[in-house]
Amino acid sequence: MIESFASEPAKRVVTYDHDGNENGWLLELYKDGRLTTAYLTAAAPGAFKGYHLHRVRAARYVCVRGRMKIILYVNGHRQEHVLNAGNPQRLFIPPNTATGLQNIGDEEAWLINYPDPPYDPDLSDEQVEYTQEELEAGVVK
């Protein structure tokens with residue numbers, strides 16, 4: 001027999017591209033105190049999210065709806081990985097790897113991320129934003 005139940009709100013945040021256009025949303029799936037240990041990111045068909053890197057966090061992506069192209073810049077070189085909900089795979093992205101996400105399907109795409117360590121809102125300078133031009137020019141911030 002279940003002794004107690006707990007319900008709490010799950011924070012949902014609308015996301016925007018570098019030009020200020022809405023490109024999807026984030027949903028906190030699991031929190032441990034103030035730390036977010038799992039979240040879902042959604043992108044509209046054709047939408048792009050990024051580029052950014054995390055100085056201390058690794059990402060672990062799994063696509064659970066649609067198809068997403070994950071674009072990485074590793075030591076100045078571009079890599080592309082496609083994650084497809086119809087053929088689930090996990091993609092590990094180490095810290096300091098610039099990342100962009102593009103929905104390449106016809107429906108809203110969803111990625112679940114289990115960051116390591118969990119997202120800490122007190123680390124305000126941990127995420128660094130980049131443009132594709134900066135990444136191709138080898139700019140380091």
Side-chain angles (χ1 to χ4, degrees), residues 2-141:
I2 298 174
E3 297 294 325
S4 64
F5 296 90
S7 176
E8 61 186 14
K11 184 177 178 182
R12 181 179 167 152
V13 178
V14 174
T15 59
Y16 300 90
D17 64 20
H18 291 291
D19 295 324
N21 301 309
E22 187 174 327
N23 62 6
W25 46 272
L26 291 172
L27 179 67
E28 293 179 335
L29 296 176
Y30 185 75
K31 292 194 63 99
D32 184 6
R34 70 185 205 317
L35 304 178
T36 304
T37 60
Y39 65 88
L40 182 143
T41 185
F48 180 79
K49 295 180 140 192
Y51 290 96
H52 70 277
L53 66 77
H54 295 283
R55 296 185 194 274
V56 299
R57 279 195 321 253
R60 290 186 183 92
Y61 289 144
V62 176
C63 184
V64 295
R65 180 180 182 192
R67 293 178 7 155
M68 292 281 265
K69 181 190 302 181
I70 314 303
I71 304 163
L72 308 175
Y73 278 86
V74 180
N75 299 322
H77 300 302
R78 182 182 171 114
Q79 293 183 9
E80 296 183 2
H81 303 267
V82 174
L83 297 179
N84 181 345
N87 181 25
Q89 295 180 318
R90 287 184 294 272
L91 179 63
F92 175 79
I93 303 169
N96 291 306
T97 303
T99 306
L101 312 172
Q102 183 178 15
N103 180 342
I104 58 172
D106 296 329
E107 65 179 326
E108 187 173 71
W110 296 355
L111 286 180
I112 293 179
N113 183 14
Y114 296 90
D116 183 21
Y119 171 73
D120 183 346
D122 293 339
L123 297 177
S124 58
D125 64 344
E126 192 272 339
Q127 181 170 311
V128 182
E129 303 291 327
Y130 281 93
T131 65
Q132 184 172 346
E133 294 77 21
E134 289 171 326
L135 292 167
E136 289 176 357
V139 172
V140 177
K141 295 182 183 180

Q.
Minimum heavy-atom separation for Phe92 and Ala58, please, with both atom names.
A. CE1-CB, 3.6 Å
Would the distance check show the side chain of [X] and the main-chain N or O of [Y] forming a donor-acceptor pair, the cut-off being under 3.5 Å?
X      : Y     : value
Lys49  : Ala42 : yes
Asn113 : Ala59 : no
Asn84  : Gly86 : yes
His54  : Ala98 : no
Thr37  : Asp32 : no

salt_bridge([X], [Y]) N-O dist < 4.0 Å:
X      : Y      : result
Lys141 : Glu134 : yes
Arg55  : Glu126 : no
Arg60  : Asp116 : yes

Are the side chains of [X] and [Y] in touch, meaning some heavy atoms are under 4.5 Å apart?
X      : Y      : result
Pro115 : Tyr39  : yes
Arg12  : Leu26  : no
Tyr61  : Leu83  : yes
Asp122 : Arg34  : yes
Ile70  : Leu111 : yes
His18  : Gln132 : no

So, taking the atom named [atom1] in [X] and the one named [atom2] in [Y], what distance separates them when rounded to the nearest 0.5 Å?
X      : Y      : atom1 : atom2 : answer
Leu53  : Leu72  : CG    : CG    : 11.0 Å
Tyr30  : Ile112 : OH    : CD1   : 15.0 Å
His52  : Glu129 : NE2   : CD    : 7.0 Å
Asp120 : Arg57  : CG    : CZ    : 8.5 Å
Asn23  : Thr15  : CG    : OG1   : 4.0 Å
His77  : Asn75  : NE2   : CG    : 7.0 Å

Q: Under the side-chain contact (heavy atoms from CB on, under 4.5 Å) rule, what do Tyr16 and Asn21 come out as? Steps first, then yes or no, please.
A: CA-CA 5 Å; Tyr16 300 90; Asn21 301 309; 5.9 Å; no
Q. Between the side chains of His81 and Gln79, does any donor sit under 3.5 Å from an acceptor?
A. yes
Q: Could you tell me which residues satisfy ring-ring contact (aromatic ring centres under 6.0 Å, His included) with Tyr119, sequence neighbours excluded, listed by chain and number?
A: none
**Q.** Pairwise side-chain hydrogen bond (donor to acceptor under 3.5 Å, both in side chains) hits with a residue in residues 92-108, at least two apart
**A.** Trp25-Glu108, Arg65-Glu107, Glu108-Trp110
Q: Count the heavy atoms belonging to other residues, nucleotides or ligands that lie under 6.0 Å from CZ of Arg90, then report whether that count exceeds 12.
A: no
